[in-house]
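For reference, the structure discussed in these notes is given below.
Values below: all heavy atoms of this structure, side chains included; hydrogens, waters and symmetry mates excluded. By convention in this document, chain letters (A, B, ...) are assigned in the order of the sequence lines, proteins followed by strands, and residues within each chain are numbered from 1.
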Amino acid sequence: MINLKLLKENPEIIRQAVKNRSENLDLDEIIELDKLRRTGITKIQNLKKERNEISEKVGKLKQQGKNPQELMEKARDLSNTTKDSEKKQREIEDRFTKAVQWIPNIPHESVPIGKGSEENQFIRGLKEPPKSDFHVLTHWEIAEALDILDIKRAPKISGSRFILYKGLGAKLERALINFFLDLHTKKHGYIEIFPPVLNPTHCLYGTGQLPKLEDDMYKCRDDDFYLSPTAEVPLTNIHRDEIIPEKKLPICYAAYTPCFRREAGSYGKDVRGIKRVHQFNKVELVKYTKPENGYEDFEKLLSDAEEATKLLGLPYRIKVLCTSDMTFASSKTYDIEIYAAGMKEWLEVSSVSIYEQYQARRANIRYRKNEGDVDFVYTMNGSGLATPRVFIAILENYQTKHGQIKIPEVLRSYMDGQEFIG
RNA sequence: GGAGAGGUGUCCGAGCGGCCUAAGGAGCACGAUUGGAAAUCGUGUAUUUAUCGAAAGGUGGAUCGUGGGUUCAAAUCCCACCCUCUCCGCCA
């Protein structure tokens with residue numbers, strides 16, 4: 001949630017942000033609603049004040065053994081008017097709360113203003129994809145040849161866009177997860193978490209997936225749960241409704257979880273292989289920090305994720321997303337992309353975002369400064385990394401001309417020392 | 001799923017219709033004492049929101065699991081829901 005004071009004091013900032021993000025939003029309606037809401041609050045508070053004063057008098061008189069009939073009647077009338085007003089007020093507040101959820105975050109000033117992915121800016125990494133001196137098979141071709149993915153049978157179990165890892169494929173997947181977790185917990189100092197991935201509605205509002213991404217998630221029919229689309233949801237909600245002492249910040253969590261996405265609206269796109277699937281594995285990094293350290297910690301989070309790609313020896317590049325390409329709750333987002341030599345495509349393996357106080361406001365996560373003041377924390381997160389695309393990149397970039405896959409050195413200890421698949 | 005007990009401030013814990021801006025204790029912060037510390041004593045110790053103010057701050061409202069209700073008045077009474085614990089049943 002944005003700072004609601006902006007609605008009253010500086011709506012132009014919001015208007016500009018909405019425009020830069022190419023979002024469609026009737027801000028004037030929300031501003032009007034806010035005004036209506038505030039006058040309503042003032043009115044009700046005055047009524048209550050009067051009622052409280054009378055009640056107090058009544059109490060005193062009764063203790064003196066009197067029966068202040070008239071005062072009681074007056075108070076009853078006041079009470080009834082108040083209740084009527086409150087009913088109306090509740091409706092307004094409801095509408096307001098819902099509407100406010102649709103206001104996106106304000107982009108950071110360093111974010112390029114742009115309308116689409118062409119306007120994302122290259123930050124660092126490879127400018128050109130590396131060349132290979134033989135014909136590189138796509139991951140689905142070589143995976144089938146080596147029998148490490150069962151692409152034909154996965155649909156029998158769950159339908160299209162699901163992955164069935166098999167044999168050394170399954171082992172490689174597990175190796176990746178362990179490698180990522182070890183890297184971030186042992187070397188980068190994150191605390192490992194293994195959270196539940198069925199999360200209730202309010203958690204998804206907290207992190208900003210709802211209301212906008214309703215159609216992109218799986219919802220349980222009989223219970224109020226969504227299958228978490230990312231560990232960002234449980235990890236950020238760990239400290240919901242808390243006031244964290246300043247000395248405990250920053251808090252850094254790393255978690256492996258499966259992630260579930262409906263991929264609605266992508267029918268017919270990326271249907272081959274395992275690039276776009278409904279269930280995938282990811283190690284997610286989440287940090288809670290003090291505002292003044294926010295952007296410094298954010299850069300560090302990016303480099304923590306980047307290091308995973310580096311250690312795997314995969315060709316990568318990093319971009320900063322322009323205003324229209326960022327997710328709705330983000331102030332600034334970097335994407336790490338790795339090159340897949342078989343598909344001849346750059347694949348997004350990590351999206352690193354800072355939300356400033358946007359999520360913290362929604363989820364009510366605050367910290368107490370050493371001096372005693374309370375303020376919202378900054379939250380940020382990034383994949384470190386998402387496995388299917390890393391898996392693709394290993395199959396396509398570590399391929400030999402004899403149709404084998406060389407296992408990246410950092411993974412070998414997780415693969416019983418094995419050097420090759422095939 | 002059934003039966004029972006309970007959810008109060010940072011924590012423990014009292015309160016069971018008006019004086020609750022929540023007793024008492026612990027913790028924490030500051031001060032006194034001390035050569036220094038412990039102990040002791042003193043002082044302070046929530047959040048949120050509306051409004052006025054440049055700000056410091058002032059004036060109100062709200063908050064005792066959540067949401068309704070009764071009442072002039074609710075932490076306290078009633079209803080529903082959520083969570084925790086104990087026992088029973090069922091089940092990986």
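- If you measure from atom NZ of Lys35(A) to atom C1' of U51(B), you get 16 Å, rounded to the nearest angstrom.
- We find that NZ of Lys369(A) is positioned 12 Å from P of U47(B), with the value rounded to whole Å.
- Here C72(B) is the nucleotide among C19(B), C72(B), A50(B) with the atom lying nearest to any side-chain atom of Ser55(A).
- Spacing of C1' atoms, G9(B) relative to U48(B), comes out at 14 Å, to the nearest Å.
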Does His239(A) form a side chain to side chain contact (heavy atoms under 4.5 Å, CB included) with Ile251(A)? I'd like the steps, not just the answer.
CA-CA 10 Å; His239(A) 295 289; Ile251(A) 296 174; 3.8 Å; yes
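- Ring-plane geometry between Tyr190(A) and His188(A) is classed as perpendicular, the angle between the planes exceeding 60 degrees on a 0 to 90 degree scale with a lower cut at 30.
- Across A54(B) and G65(B), the matching P atoms stand 40 Å from one another, rounded to whole Å.
- The nucleotide whose nearest atom lies closest to any side-chain atom of Arg366(A) is, among A50(B), C72(B), U48(B), U48(B).
- Within the shown strands, A29(B) is the pairing partner of U43(B) under the Watson-Crick or G-U definition, both distances less than 3.5 Å.
- With contacts defined as side-chain heavy-atom distances shorter than 4.5 Å, the pair Thr257(A)/Glu284(A) does not qualify.
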Verify salt bridge (Lys or Arg N to Asp or Glu O under 4.0 Å) between Lys290(A) and Glu246(A), making sure each step is shown before the conclusion.
CA-CA 8 Å; Lys290(A) 293 187 260 185; Glu246(A) 175 171 344; 3.0 Å; yes
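- Comparing the P positions of C78(B) and U71(B) gives an interatomic distance of 15 Å, to the nearest angstrom.
- Distance noted for atom P between C88(B) and A29(B): 46 Å (whole Å).
- Counted within 6.0 Å of CD on Glu296(A), heavy atoms from surrounding residues, nucleotides or ligands total 12 or fewer; the atom is thus considered open.
- Between Thr207(A) and Cys203(A), every side-chain heavy-atom pair lies at or beyond the 4.5 Å cut-off.
- Distance CD (Glu246(A)) to C1' (C28(B)): 15 Å, rounded to an integer number of Å.
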Polar atom pairs (N or O), protein with nucleotides 77-83 of chain B, under 3.5 Å:
none

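- Rounded to a whole angstrom, the distance from the P atom of C64(B) to that of U8(B) is 12 Å.
- At the phosphate of A50(B), neither OP1 nor OP2 sits under 4.0 Å from any side-chain N or O atom of Arg38(A).
- Rounded to a whole angstrom, the distance from the P atom of U49(B) to that of G36(B) is 45 Å.
- Across all strands shown, G9(B) has no partner, as no Watson-Crick or G-U wobble contact with both distances under 3.5 Å is found.
- The separation between Asn80(A) atom CG and A73(B) atom P is 9 Å, rounded to whole Å.
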Using the side-chain hydrogen bond (donor to acceptor under 3.5 Å, both in side chains) rule, take Thr138(A) and Glu141(A) through it: C-alpha gap first, then chi angles, then the decisive distance, then the call.
CA-CA 5 Å; Thr138(A) 61; Glu141(A) 291 166 333; 3.1 Å; yes
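- Heavy-atom contacts from other residues, nucleotides or ligands closer than 6.0 Å to CG of Asp241(A) number more than 12.
- Using a 4.0 Å heavy-atom criterion, one finds that Lys60(A) contacts no nucleic acid atom at all.
- Rounded to a whole angstrom, the distance from the C1' atom of C41(B) to that of U33(B) is 8 Å.
- Nucleotide U71(B) holds its P atom 18 Å from the CG atom of Leu71(A), rounded to whole Å.
- Taking atom CG on Asp77(A) and atom C1' on C72(B), their separation rounds to 11 Å, with Å as the unit.
- Across every strand in view, U66(B) sits in a pair with A80(B) that passes the Watson-Crick or G-U test at under 3.5 angstrom.
- Searching all strands for a Watson-Crick or G-U wobble partner of G36(B) with both distances below 3.5 Å returns nothing.
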Report, one pair per line, the protein and nucleotides 58-62 of chain B atoms (nitrogen or oxygen only) whose separation is under 3.5 Å.
| unit_1 | atom_1 | unit_2 | atom_2 | d |
| --- | --- | --- | --- | --- |
| G60(B) | N2 | Gln45(A) | OE1 | 2.6 |
| G60(B) | N2 | Gln45(A) | NE2 | 2.7 |
| G61(B) | OP1 | Asn52(A) | ND2 | 3.4 |

Stepwise salt bridge (Lys or Arg N to Asp or Glu O under 4.0 Å) check, Arg38(A) with Asp34(A):
CA-CA 6 Å; Arg38(A) 278 186 286 107; Asp34(A) 184 39; 3.3 Å; yes
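- Across all strands shown, C91(B) remains unpaired; no Watson-Crick or G-U wobble contact has both distances below 3.5 Å.
- Here the options are Glu91(A), Glu86(A), Lys87(A), Glu93(A), the test is side chain to side chain donor-acceptor pair (under 3.5 Å), and the partner is Gln89(A); only Glu93(A) passes.
- Taking atom CD of Glu9(A) as the reference point, atom P of A50(B) lies 10 Å away to the nearest angstrom.
- A74(B) atom C1' lies 11 Å from atom NZ of Lys83(A), rounded to whole Å.
- Dashed line: the shortest gap from a side-chain N or O of Arg37(A) to OP1 or OP2 of U49(B) is not under 4.0 Å.
- Pair check for U59(B) finds A50(B); Watson-Crick or G-U wobble, both atom distances under 3.5 Å.
- Taking side-chain N and O atoms only, Lys8(A) has a distance below 4.0 Å to OP1 or OP2 of U51(B).
- Nearest-nucleotide positions on RNA chain B place Asp373(A) closer to the 5' end than the other of Lys5(A) and Asp373(A).
- Each of Phe376(A) and Arg90(A) has a nearest nucleotide on RNA chain B; the 5'-most of these lies closest to Phe376(A).
- Between U71(B) and Ser79(A), no contact under 4.0 Å exists linking OP1 or OP2 to a side-chain N or O.
- A salt bridge links Glu345(A) with Lys275(A): the distance from a Lys NZ or Arg NE/NH1/NH2 to an Asp or Glu carboxylate oxygen falls below 4.0 Å.
- For Glu53(A), the CD atom counts as densely surrounded, since its 6.0 Å shell holds more than 12 non-hydrogen atoms of other residues, nucleotides or ligands.
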Going 5' to 3' along nucleotides 7-12 of chain B, which nucleotides have protein heavy atoms under 4.0 Å from the base (write B), which only from the sugar-phosphate (write S), and which from neither (write -)?
------
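- For A75(B), there is no paired base (Watson-Crick or G-U wobble, both distances below 3.5 Å).
- No donor-acceptor pair under 3.5 Å is formed between the side chain of Asn10(A) and the backbone N or O of Ile13(A).
- Using a 30° and 60° split on the angle between ring planes, Tyr288(A) and Tyr253(A) fall in the perpendicular class, above 60°.
- U21(B) and G61(B) have their P atoms separated by 10 Å, given to the nearest Å.
- Across every strand in view, C19(B) sits unpaired, with no contact that passes the Watson-Crick or G-U test at under 3.5 angstrom.
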Test log, rule side-chain hydrogen bond (donor to acceptor under 3.5 Å, both in side chains), inputs Tyr378(A) and Asn293(A)
CA-CA 9 Å; Tyr378(A) 270 32; Asn293(A) 299 344; over 6 Å; no
